[in-house]
Undergrad: 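Below: one structure in structure tokens.
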Amino acid sequence: MSDPYEVLGLKQGASEEEVKKAYKTLAKKYHPDVTGNDPAAAKKMQEINSAYDAIINHKSYASSSSSYGYNQSSYGGGYGYSNERDEESNEMRAAASYIHARHFREALHVLSTVPFEKRNGRWYYLSAVAKGYSGDTTGAYSDISEAIKKEPGNMEYQSFLDRLNGSRNFYTQRQSTYGPSGSSFFSCCLPLMLLNMCCPGYFCIC
Amino acid sequence: MFGYIVLSSSAPKEDRKTYREAYCGLCHTLKDKYGKTGMLSLSYDMTFLSLLLSDIEDSPKIEGKERCLVHPIVEHKFFTTSVMDYTASMQILLSHYALVDYNNDEKKEKKDRFLPFIPEIEKKYKRQSDALKNNLALIWENEKKGIKDAYQNSLLFGEALGEIFVKDENSHFAPDLRMMGCGMGRFIYLLDAWDDRKKDQKNNRYNPLSSDITEEEIRTMLIDAASCATSAMEHMPLDDYVPLFENILYHGMWSRFKVEVKGNE
């Protein structure tokens, strides 16, 4: 794969802001609305997307898990290297492929078809990842804990749990820099907004 | 459920101005599309989504100045962007269901002035409309049965809001928007339940939170939901309004939480 920075027209080590700006400029240039569904432009857009993901995921991962990023090797990877994986059911393989393609709901759907007695550590891990990335981080916690319980010492599972915790901790730290939460700027509006809902006809007039 | 996605008082003047002008821009769009009735549905929640989608799509501001029904004397600035056509429709949809919910809760028959617009919105935005309709139906069923499951209910609401956040299913950032919407939806649902719990207890009404929930427990649940939203945000190529989004997600959204806690002490 070509150097992701190069794809975005940047120098190695460009800042996150530069990456995001460059991405948006290119995304506009190769947008189907502009290129008229040209297959070459579509291919270029795929490259740009992959380059963006590769850089951003690496950055969030390296910056000690403020987010739990999309590290490709962290899920879905590793097939064909282990006998154990070869014996994995079709459902589990399909779920991993869906996760890899970021189709998290489809992954959850196929996982739900695996009968309860066949749900091993790996099942709970895949379920945790799919839940986490579709926005159910509470469910992700409970599933990854179950996965670790079934296979203590599995580094992959532990690392996902660490990321979930990292995300919460980062949030709490970041939040503390704002000081105690008090009234909102628009708090004068709130009673009116509520009134608005109850008795349409009132406006926020602040 | 509206009124949580606000800036905190610590937000810089410039961000407050942006948020206000976008709010007025969404109001302007609602009036254009749905007339005066449309304006009644306005909320900051969809103002937030308007700015978020505009930032991702790099959709330029179209600035304007006007006097309006609400501010008839002083001319004020506003701006619209191309995504507001979408967020205005979503606003009508949300307001319609907020009213249905209100009528359900209060056993009232308040006239739903948004209803005439719903069939067209449901047709044009089937995915979003179905998610909201189906998930709210499940929440109401839990309410009817008296099932106290704040996790499940908040997730249902979060999933519905996640669908609304996804304007374009083919966008590379659709999974991030869905995750962010889900986190924020969970947060709003939980905070709303926490906000209402005393009132609900007094009136012997359903509340999804267990009656002995502590402040620490709800805080943990809220942090989990909010950090889910911020994690998703970090993956997206945002560069126009990042401090504004962060103010809301780390601080502004919590405004009502503190107010409630103070009332407790």
Side-chain angles (χ1 to χ4, degrees), chain A residues 16-17 19-21 23-25 27-28 45 49 52-53 56-57 60 66-70 102-105 132-141 164 167-172 174-175 177-187 189-190 193-194 196-205, chain B residues 2-3 6-11 16 37 39-44 56 58 69-71 95 98-99 102 110 113 151 155 158-159 162 172 175 178-183 185-186 221 223-235 237-239 246-247 250-252 254-259:
Chain A
E16 202 172 312
E17 286 70 31
V19 171
K20 290 186 172 179
K21 265 203 162 56
Y23 172 83
K24 278 161 77 170
T25 310
K28 263 190 161 173
M45 197 57 234
N49 284 335
Y52 175 84
D53 287 348
I56 293 296
N57 296 339
S60 8
S66 57
S67 82
Y68 35 102
Y70 296 97
R102 307 214 299 161
H103 291 283
F104 302 113
R105 287 174 309 169
Y133 286 111
S134 48
D136 176 13
T137 37
T138 304
Y141 261 101
L164 283 172
S167 167
R168 274 188 188 183
N169 292 339
F170 181 85
Y171 183 89
T172 319
R174 190 69 205 277
Q175 193 186 34
T177 65
Y178 284 88
S181 50
S183 61
S184 74
F185 172 62
F186 297 113
S187 58
C189 285
L190 288 176
M193 277 163 141
L194 291 175
N196 212 342
M197 272 184 63
C198 309
C199 357
Y202 290 89
F203 292 98
C204 169
I205 45 163
Chain B
F2 295 145
V6 291
L7 281 164
S8 80
S9 47
S10 68
R16 291 187 287 195
T37 307
M39 291 168 74
L40 298 174
S41 71
L42 185 61
S43 80
Y44 273 107
I56 293 182
D58 231 354
L69 268 176
V70 192
H71 308 97
S95 297
L99 200 70
Y102 172 81
K110 199 168 277 295
R113 292 201 242 171
Y151 161 62
L155 186 59
E159 281 172 356
H172 183 61
R178 191 169 273 125
M179 179 178 170
M180 185 173 184
C182 187
R186 284 168 54 207
M221 292 167 91
I223 287 176
D224 186 49
S227 62
C228 171
T230 50
S231 293
M233 182 171 72
E234 279 181 34
H235 185 251
L238 306 170
D239 61 353
E246 288 179 342
N247 178 285
Y250 286 104
H251 208 206
W254 290 83
S255 307
R256 299 260 295 273
F257 183 63
K258 268 296 171 193
V259 169

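Here the structure is a predicted model, which is why all the values come from computation and not from measurement. Here is the naming used below: chain letters follow the sequence lines, and residue numbers restart at 1 for every chain.
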Undergrad: Atom CZ of B:Arg16 and atom OG of B:Ser8: how far apart are they, to the nearest 0.5 Å?
TA: 9.0 Å
Undergrad: Contact part of B:Glu159 toward chain A, heavy-atom cut-off under 4.5 Å: side chain, backbone, both or neither?
TA: neither
Undergrad: Just so I understand: if I count every heavy-atom pair under 4.5 Å between each of A:Lys24, A:Arg174, A:Met45, A:Glu17 and chain B, which residue has the most?
TA: A:Lys24
Undergrad: When heavy-atom pairs shorter than 4.5 Å are enumerated against chain A, which of B:Ile56, B:Thr37, B:Asn247, B:Leu238 gives the highest number?
TA: B:Asn247
Undergrad: Could you report the tightest heavy-atom contact between B:Ser231 and A:Ser167, atom names first, then the distance?
TA: OG-OG, 2.7 Å
Undergrad: Considering only heavy atoms and a distance below 4.5 Å, find which of B:Asp239, B:Asp224, B:Asp58 pairs most often with chain A.
TA: B:Asp224
Undergrad: For B:His172, is there any backbone N or O sitting under 3.5 Å from a side-chain donor or acceptor partner on A:Arg102?
TA: yes
Undergrad: When you measure from the centre of the six-membered ring of A:Phe104, is the NZ or CZ of B:Arg178 under 6.0 Å away and within 45° of the axis?
TA: no
Undergrad: Using non-hydrogen atoms and a 4.5 Å limit, figure out which bit of A:Lys28 sits close to chain B: side chain, backbone, both or neither.
TA: side chain
Undergrad: Counting only heavy atoms closer than 4.5 Å, note whether A:Ser134 contacts chain B via side chain, backbone, both or neither.
TA: backbone
Undergrad: What distance separates A:Gln175 CD from B:Ser227 OG, expressed to the nearest 0.5 Å?
TA: 10.0 Å
